[in-house]
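Just below is one structure, and these are the notes that go with it.
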Amino acid sequence: MQLDLSKMFDEFFAGGDSSSAVKEVYNIIPTFKQEQLNIMVAYMYYAEIYDLDHVREFIKQIEMMQSKNKNLGFFQTGTAKGLLKAYTLEDMMGRVKPQVSHVDEQQRG
């Protein structure tokens, strides 16, 4: 399972609610490492193939517990830092109102 940062980025700004910025950044942080995702996919595959309800329950419990523990190693990548910088810039630019002053050429002298 690959992260679609472009899609996340677009959804991130589509809300337009700057008060939830911290919440949105938190939601972007992945919960599982790639190795953990591979294992979870294997568990889900076998649970579906062999109709193992107890494995499905196990997966739900793991996801619930792990959702409280974000993978902060994600911030060591340049992608995450760039995403946060871009959000900060977009947020700042959204609040700036350009002011245009019309100066008559006669006033310039």
Side-chain angles (χ1 to χ4, degrees):
M1 176 180 210
Q2 295 288 341
L3 291 175
D4 186 359
L5 291 178
S6 178
K7 180 181 175 197
M8 282 189 221
F9 193 70
D10 291 341
E11 290 172 356
F12 191 66
F13 291 118
D17 183 14
S18 61
S19 66
S20 66
V22 174
K23 185 177 177 183
E24 293 294 329
V25 169
Y26 181 78
N27 289 335
I28 288 174
I29 302 170
T31 301
F32 294 101
K33 296 178 183 177
Q34 189 60 44
E35 297 83 16
Q36 292 170 321
L37 282 175
N38 292 342
I39 292 168
M40 294 297 287
V41 168
Y43 278 145
M44 286 187 254
Y45 173 77
Y46 288 114
E48 291 300 317
I49 292 293
Y50 297 109
D51 197 27
L52 303 171
D53 290 331
H54 62 284
V55 174
R56 287 187 193 108
E57 283 301 314
F58 174 72
I59 292 169
K60 286 180 186 175
Q61 289 177 356
I62 294 293
E63 287 175 340
M64 184 183 68
M65 288 186 295
Q66 190 68 16
S67 68
K68 308 262 190 271
N69 300 307
K70 296 292 187 168
N71 177 13
L72 297 180
F74 179 69
F75 282 109
Q76 294 175 351
T77 66
T79 305
K81 290 177 185 176
L83 179 67
L84 292 174
K85 286 179 185 177
Y87 173 74
T88 305
L89 181 62
E90 178 72 20
D91 186 47
M92 182 183 73
M93 294 305 291
R95 288 183 273 151
V96 172
K97 303 279 189 239
Q99 197 170 18
V100 179
S101 62
H102 297 283
V103 177
D104 192 5
E105 288 196 27
Q106 292 176 352
Q107 290 176 344
R108 287 188 190 172

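Every value quoted in this text rests on a predicted model; they were computed, and no experiment measured them. Along the sequence shown, residues are numbered consecutively beginning with 1. Atom set for the values below is all heavy atoms of this structure, side chains included, hydrogens, waters and symmetry mates excluded.
A heavy-atom distance below 4.5 Å is found between the side chains of Leu37 and Gln34. In this structure, Asp51 and Arg56 have side chains that are in contact, with non-hydrogen atoms separated by less than 4.5 Å.
Taking CZ of Phe32 as the reference point, atom CG of Asn69 lies at 9.5 Å (rounded to 0.5 Å). Atoms NE2 and CD1, from His54 and Ile59 in turn, are 10.0 Å apart once rounded to the nearest 0.5 Å.
Hydrophobic cluster membership differs between Tyr43 and Met64, with clusters built from Ile, Leu, Val, Met, Phe, Trp and Tyr side chains linked at under 4.5 angstrom.
Pairing each heavy atom of Gln66 with each of Thr31, the nearest pair is O-CG2, 3.0 Å.
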